[in-house]
Amino acid sequence: MAKYYDESIETASRETIRQIQSENLIKTVKLIYDRVPLYRNRMDEAGVKPEDIKSVDDLHLLPFTYKQDLRDTYPYGMFTTDMDNVVRLHASSGTTGKQIVVGYTEKDIDMWASCVARALTAYGATKSDIVHVSYGYGLFTGGLGAHDGAQKLGATVIPVSTGNTARQITILQDFKPTVICGTPSYALHLIEALHEAGLSKDDISLKIGVFGAEPWTDEMRVQIEEGLGIKAYDIYGLTEICGPGVSFNCECQSGLHINEDHFIPEIIDPDTGEVLPDGQVGELVFSAVTKEAFPILRYRTRDICMLSHEKCSCGRTLVKMAKPQGRSDDMLIIRGVNVFPSQIESVLLSFSETTPNYMLIVDRVNNSDTLEIQVELGEEMFKSDEVKHLLTLQSQISEKVKSTLGISAKITFVEPKTLARTEGKAKRTIDKRKLY
Ligand code: DLL
């Protein structure tokens with residue numbers, strides 16, 4: 001079984017990678033300066049000319065690009081090729097504002113598919129696998145991105161998309177897929193639905209899970225692996241760069257290797273814009289330097305993360321990013337403390353009596369922030385009428401939240417299956433403070 005999809009790149013020396021990055025960066029800066037007024041104006045304002053960029057070391061000279069820039073140039077103002085060459089559009093609305101639109105040439109789609117094929121190979125998938133894609137198909141990049149990657153690998157793709165969980169279970173039983181792609185929260189929903197149908201992991205043939213599009217913790221990974229009888233791997237990406245396949249787990253399941261021949265990463269201090277060294281947490285910034293229709297330079301992802309160039313035992317030399325903790329725009333500031341939903345998820349999942357289904361409700365009462373954590377109890381715990389045990393559990397969770405995050409929270413237990421389930425990205429917070 002092939003260990004790498006693109007061995008010469010995935011195990012290349014640092015000098016080789018830097019050389020490839022430099023060549024592509026120089027070409028892309030010229031292209032963008034010539035074709036996109038927004039970049040030209042911004043580079044002129046910063047006093048940077050394309051010829052100042054001589055290697056990847058000069059990347060920091062370039063101005064940043066923001067999501068707002070994509071909105072301001074909506075829909076095609078940042079494309080670098082004529083629409084005649086664009087064969088596909090994707091878009092993302094995000095939580096606020098106008099949607100952003102990105103375009104791909106045929107070559108761009110092929111590059112993206114190879115990035116996903118590299119990921120699938122790292123997870124141990126081959127052309128003999130049957131891949132059940134339950135990411136949404138449409139303007140969202142998850143469905144078609146996973147689809148094209150699996151097809152590029154030569155695997156059999158089942159383009160299921162989201163929804164109709166009962167039908168998805170029938171497909172899992174009858175078509176016998178060995179790989180499933182979807183959001184981690186949907187995987188949990190599938191596990192519940194399997195149990196409700198009187199089925200278990202032994203009634204399906206899955207071996208590998210490809211999960212991403214939202215933050216998920218290692219604790220959640222363990223639950224998914226047990227519930228579906230698989231190895232669960234992380235895949236990361238964003239619409240503005242290419243969709244899934246920007247980075248991927250390897251067999252070590254810790255950290256994600258970035259396809260850095262295409263996407264050059266940096267970690268910056270989000271306040272000062274200063275580039276931070278390996279191991280420091282900051283905002284992830286990407287430059288996509290091999291795309292024809294929609295290259296992008298120094299794009300501020302808002303994802304909070306860190307990088308590591310340490311040697312990986314899988315043999316890949318591609319730089320690794322840590323599992324993103326969340327987005328700076330999802331970060332809650334509760335009484336001055338920065339909290340990511342994923343940190344609370346880790347605490348909740350360290351207790352066997354609760355489930356990974358939770359909702360954080362933040363409010364402001366008498367000028368002070370309050371946090372309520374609603375969490376579903378497991379069936380067994382719910383059926384037990386031992387009030388004492390429930391009260392003890394409540395105070396244990398609350399103490400652990402306090403000791404790990406430094407904030408107090410009200411813990412509310414809710415009945416199993418009462419919090420809303422999503423087929424796409426999970427919604428974990430209600431911030432009532434924003435309504436004032
Ligand atoms: O979510 C692309 C994607 C589809 C990735 C399927 C993986 C699998 P957007 O809708 O533009 O694109 O959202 C991008 O989602 O900036 C992160 O905040 C978050 N995200 C994506 N993958 C992960 C992950 C797709 N593995 C935004 N872990 C990104 C944590 C993730 N967060």
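We're numbering straight along the sequence, starting at 1.
- In summary, the side chains of Asp72 and Gln68 do present a donor paired with an acceptor at a separation below 3.5 Å, with no hydrogens or angles considered.
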Check step by step if salt bridge (Lys or Arg N to Asp or Glu O under 4.0 Å) holds for Lys49 and Asp52.
CA-CA 5 Å; Lys49 292 277 166 228; Asp52 296 333; over 6 Å; no
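- Within 6.0 Å of CD in Glu51 there are more than 12 heavy atoms belonging to other residues, nucleotides or ligands.
- Within a 6.0 Å sphere centred on CD of Glu106, other residues, nucleotides and ligands contribute 12 heavy atoms or fewer.
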Which is it for Glu214 and Arg428 under the salt bridge (Lys or Arg N to Asp or Glu O under 4.0 Å) test, yes or no, and what are the steps along the way?
CA-CA 11 Å; Glu214 62 186 7; Arg428 302 287 193 199; 5.3 Å; no
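- Going from atom OG1 of Thr422 over to atom NZ of Lys427 covers 10.5 Å, rounded to the nearest 0.5 Å.
- Remark: of the listed residues His90, His262, His147, His90 is the sole one forming a ring pair (Phe, Tyr, Trp, His ring centres under 6.0 Å) with Trp112.
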Stepwise side chain to side chain contact (heavy atoms under 4.5 Å, CB included) test for Val362 and Ile334:
CA-CA 8 Å; Val362 189; Ile334 301 172; 4.2 Å; yes
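- For the residue pair Gln343/Thr404, the side-chain donor-acceptor check at 3.5 Å is not satisfied.
- Relative to the six-membered ring of Tyr66, Arg300 misses at least one condition, a distance below 6.0 Å or an angle of at most 45° to the axis.
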Show the numbers, then the answer: is there a salt bridge (Lys or Arg N to Asp or Glu O under 4.0 Å) between Glu240 and Lys67?
CA-CA 8 Å; Glu240 298 86 325; Lys67 192 167 209 136; 3.2 Å; yes
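- In summary, Lys152 and Asp110 engage in a salt bridge, as defined by a charged side-chain N under 4.0 Å from a carboxylate O.
- Using modelled atom types, one finds no donor on one side chain facing an acceptor on the other under 3.5 Å when comparing Glu423 with His189.
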Give the intermediate values and the outcome of ring pair (Phe, Tyr, Trp, His ring centres under 6.0 Å) for residues Tyr39 and Tyr33.
CA-CA 6 Å; Tyr39 279 108; Tyr33 188 85; 9.7 Å; no
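- Here the OG1 atom belonging to Thr65 is positioned 14.0 Å from the CZ atom belonging to Phe286, to the nearest 0.5 angstrom.
- By the neighbour-count criterion of 12 heavy atoms within 6.0 Å, atom NZ of Lys417 is densely surrounded, having more than that number from other residues, nucleotides or ligands.
- At least one side-chain heavy atom of Asn259 sits less than 4.5 Å from a side-chain heavy atom of Arg118.
- Within a 6.0 Å radius of CE in Met306, no more than 12 heavy atoms belonging to other residues, nucleotides or ligands are found.
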Applying side chain to side chain contact (heavy atoms under 4.5 Å, CB included), run through Thr317 and Glu10 and close with a yes or a no.
CA-CA 6 Å; Thr317 48; Glu10 292 176 64; over 6 Å; no
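- Residues Met220 and Pro356 come closest through the heavy atom pair CE-CB, 4.4 Å.
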For the pair Arg18 and Asp261, evaluate salt bridge (Lys or Arg N to Asp or Glu O under 4.0 Å) and give the outcome as yes or no after the intermediate values.
CA-CA 8 Å; Arg18 285 170 52 80; Asp261 47 330; over 6 Å; no
Using the side-chain hydrogen bond (donor to acceptor under 3.5 Å, both in side chains) rule, take Tyr299 and Asp69 through it: C-alpha gap first, then chi angles, then the decisive distance, then the call.
CA-CA 10 Å; Tyr299 182 67; Asp69 296 330; over 6 Å; no
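- Paired with Asn338 under the rule side chain to side chain contact (heavy atoms under 4.5 Å, CB included), one option of Ile333, Ile304, Leu405, Leu332 passes, and it is Ile333.
- Asn249 is listed as a side-chain neighbour of Tyr123, based on a closest heavy-atom distance under 4.5 Å.
- Put simply, the side chain of Asp129 reaches to within 4.5 Å of the side chain of Lys207, judged on heavy atoms.
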Could you walk me through whether Glu266 and His60 pass side-chain hydrogen bond (donor to acceptor under 3.5 Å, both in side chains), step by step?
CA-CA 9 Å; Glu266 296 168 279; His60 69 280; over 6 Å; no
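- If you take CD1 on Ile32 and CZ on Arg40, they are separated by 11.5 Å, rounding to the nearest 0.5 Å.
- At least one side-chain heavy atom of Leu349 sits under 4.5 Å from a side-chain heavy atom of Gln223.
- Figure legend: Arg35 and Phe79 shown without cation-pi pairing, the cationic atom not lying both under 6.0 angstrom from the six-membered ring centre and within 45 degrees of its axis.
- A cation-pi arrangement is present between Lys400 and Phe351 under the rule of less than 6.0 angstrom and at most 45 degrees off the ring axis.
- Of the inter-residue distances, the one linking Thr290 atom OG1 with Asp108 atom CG reads 7.5 Å to the nearest 0.5 angstrom.
- Residues Thr162 and Tyr137 bring no donor and acceptor atom of their side chains to less than 3.5 Å of each other.
- In this structure, Val86 and Met83 have side chains that are in contact, with non-hydrogen atoms separated by less than 4.5 Å.
- Side-chain atoms of Tyr236 and Ile258, non-hydrogen and from C-beta on, never get closer than 4.5 Å to each other.
- Thr217 and Glu345 are linked by a side-chain donor-acceptor pair at a separation below 3.5 angstrom, with hydrogens and angles left out of the test.
- The environment of Lys107 atom NZ is sparse: at most 12 non-hydrogen atoms of other residues, nucleotides or ligands sit within 6.0 angstrom.
- By the 4.5 Å heavy-atom criterion applied to side chains, Ile180 and Val210 are not counted as neighbours.
- Between Glu260 and the choices Arg14, Arg316, Lys320, the salt bridge (Lys or Arg N to Asp or Glu O under 4.0 Å) rule is met once, by Arg14.
- For the pair Glu251 and Lys231, the salt-bridge criterion is not met [side-chain N within less than 4.0 Å of a carboxylate O].
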For Leu377 and Glu415, run side chain to side chain contact (heavy atoms under 4.5 Å, CB included): C-alpha distance rounded to whole Å, both residues' side-chain angles, the deciding distance at 0.1 Å, then the answer.
CA-CA 6 Å; Leu377 285 172; Glu415 271 188 53; over 6 Å; no
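- Annotation: cation-pi pair Lys291/Tyr104 present, NZ/CZ under 6.0 Å from the ring centroid and within 45° of its normal.
- With contacts defined as side-chain heavy-atom distances shorter than 4.5 Å, the pair Leu360/Ile430 does not qualify.
- Checking each of Val160, Val157, Ile158 against Val133 for a side chain to side chain contact (heavy atoms under 4.5 Å, CB included) leaves exactly one that passes, namely Val157.
- Of the N and O atoms on the side chains of Glu23 and Gln19, at least one donor lies less than 3.5 Å from an acceptor on the other residue.
- Side-chain contact, Thr81 with Glu292: no donor N or O sits under 3.5 Å from an acceptor N or O.
- Across all non-hydrogen atoms, the minimal contact from Val347 to Ile397 is CG1-O, 4.4 Å.
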